[in-house]
Every structure is written in structure tokens, then in C-alpha cells.
Amino acid sequence: MKIALKNADNTKTILNLASNEYSKMVDFNQIDANVIDFDFQQYYHDTDKYKTITIYLKKARGLMVRYIAENQISNFEKIKAFSSEGYWYSEELSSPSKMVFIR
């Protein structure tokens, strides 16, 4: 799923919540907008690392879409307030083109 928002400076941003498989079908270079990808990671004590687990990733994408729809999010910064099923936004792991939520 792709969701389009307008930023404070009136630039367009597309939130790419599609799987990598579906995202490969889109040539984002032809779209006049910033594209933000998402990752949802789990912490594992035994390795002391965060990992992306596909089965949890699929559910988390759906939770994010629901959060955006139910809260009628139109401001990019409000997405950082997402906290469902233990996920929270990680400024440290995120970048300008990827929002990372961890638990």
C-alpha cells in the first residue's frame, strides 16, 4: 500500500508500505515525490541485534495503515507517534528515506 502526504513545504511524500516484491514493480524515479520506506524490527537478546521478521513485518504494515486511516494522518511527523503492539519509532535506526519501528 502506498499513501501520499503533503509536507509543510508542500512537497509530496509517498509512504511505501508495500512489500519489497510489490515495490520493485514501481519505478520511483518517475514519481515526483519523496518515498519513505518502512521497517519493523524485533530485538533479540541472544544476538543483541534487531532483526526484520517477515511474518511480523506483514502484520505491522497493516497496523500502520490502520493507524494512519483511523487517525486521518496527513502530517508526516505524526506517523512517528505510532505505537502499537510494542512498536515505537527509532530515530537512531531511521534515515530520511526509511522509518524504522522497533520492539
Side-chain angles (χ1 to χ4, degrees):
M1 169 163 214
K2 294 178 181 50
I3 300 168
L5 301 176
K6 283 200 174 181
N7 298 327
D9 61 358
N10 223 19
T11 59
K12 293 179 190 173
T13 299
I14 294 177
L15 305 179
N16 181 14
L17 287 155
S19 68
N20 289 337
E21 176 182 63
Y22 286 108
S23 292
K24 290 178 184 177
M25 300 173 130
V26 178
D27 184 358
F28 289 108
N29 294 325
Q30 293 186 9
I31 298 174
D32 184 28
N34 298 324
V35 178
I36 306 294
D37 293 315
F38 285 75
D39 196 6
F40 298 87
Q41 300 180 3
Q42 320 297 309
Y43 179 75
Y44 287 89
H45 293 282
D46 56 335
T47 61
D48 196 34
K49 293 183 181 179
Y50 287 96
K51 295 179 184 177
T52 302
I53 307 300
T54 304
I55 194 153
Y56 298 132
L57 179 63
K58 291 177 181 182
K59 184 175 182 179
R61 284 188 193 122
L63 292 169
M64 178 60 78
V65 170
R66 174 180 276 177
Y67 170 76
I68 291 169
E70 286 180 347
N71 294 287
Q72 299 178 8
I73 303 293
S74 60
N75 180 321
F76 177 72
E77 288 298 313
K78 290 184 178 181
I79 294 169
K80 293 178 181 179
F82 171 81
S83 62
S84 182
E85 295 199 19
Y87 287 104
W88 53 276
Y89 177 71
S90 172
E91 188 83 42
E92 180 182 336
L93 297 176
S94 297
S95 70
S97 62
K98 182 185 268 185
M99 296 185 82
V100 178
F101 293 82
I102 56 176
R103 68 175 179 178

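FYI, side chains are in, hydrogens and waters are out, and symmetry mates aren't considered; it's all heavy atoms of this structure.
- Here the side chains of I102 and W88 are in contact, with some heavy-atom distance below 4.5 Å.
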Does the side chain to side chain contact (heavy atoms under 4.5 Å, CB included) test come out yes or no for F101 and M64, once each step is laid out?
CA-CA 10 Å; F101 293 82; M64 178 60 78; 3.6 Å; yes
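- Between A33 and T13, the shortest heavy-atom contact is CB-N, 4.4 Å.
- Cation-pi contact between R103 and Y50: absent, since separation from the ring centre below 6.0 Å together with deviation from the ring axis within 45° is not met.
- Between the CG atom in L15 and the CD1 atom in I36 there is a gap of 7.0 Å [rounded to 0.5 Å].
- Separation of atoms OG1 (T54) and NZ (K59) is listed at 15.5 Å; rounding is to 0.5 Å.
- Counting heavy atoms from C-beta outward, R66 and S84 have side chains that stay 4.5 Å or more apart.
- Ring centers of Y89 and F82: at least 6.0 Å apart, outside the cut-off.
- Figure legend: cation-pi geometry between K51 and Y44, with NZ or CZ positioned under 6.0 Å from the six-membered ring centre and within 45° of its axis.
- Taking the side chain as every heavy atom from C-beta outward, N34 and I14 never approach each other to under 4.5 Å.
- Between the side chains of D39 and Q41, at least one donor N or O sits under 3.5 Å from an acceptor N or O.
- Heavy-atom contacts from other residues, nucleotides or ligands closer than 6.0 Å to CG of D32 number 12 or fewer.
- Hydrophobic clustering, with ILVMFWY side chains joined whenever heavy atoms are under 4.5 angstrom apart, groups L57 together with I79.
- Put simply, OG on S94 and CZ on F38 are 9.0 Å apart, with the number rounded to the nearest 0.5 Å.
- Separating the NZ atom in K58 from the CG atom in L17 is a distance of 14.5 Å, to the nearest 0.5 Å.
- How far OG of S90 is from NZ of K80: 11.0 Å, rounded to the nearest 0.5 Å.
- Taking the six-membered ring wherever Trp is involved, the centroid distance between the rings of F40 and Y87 falls below 6.0 Å.
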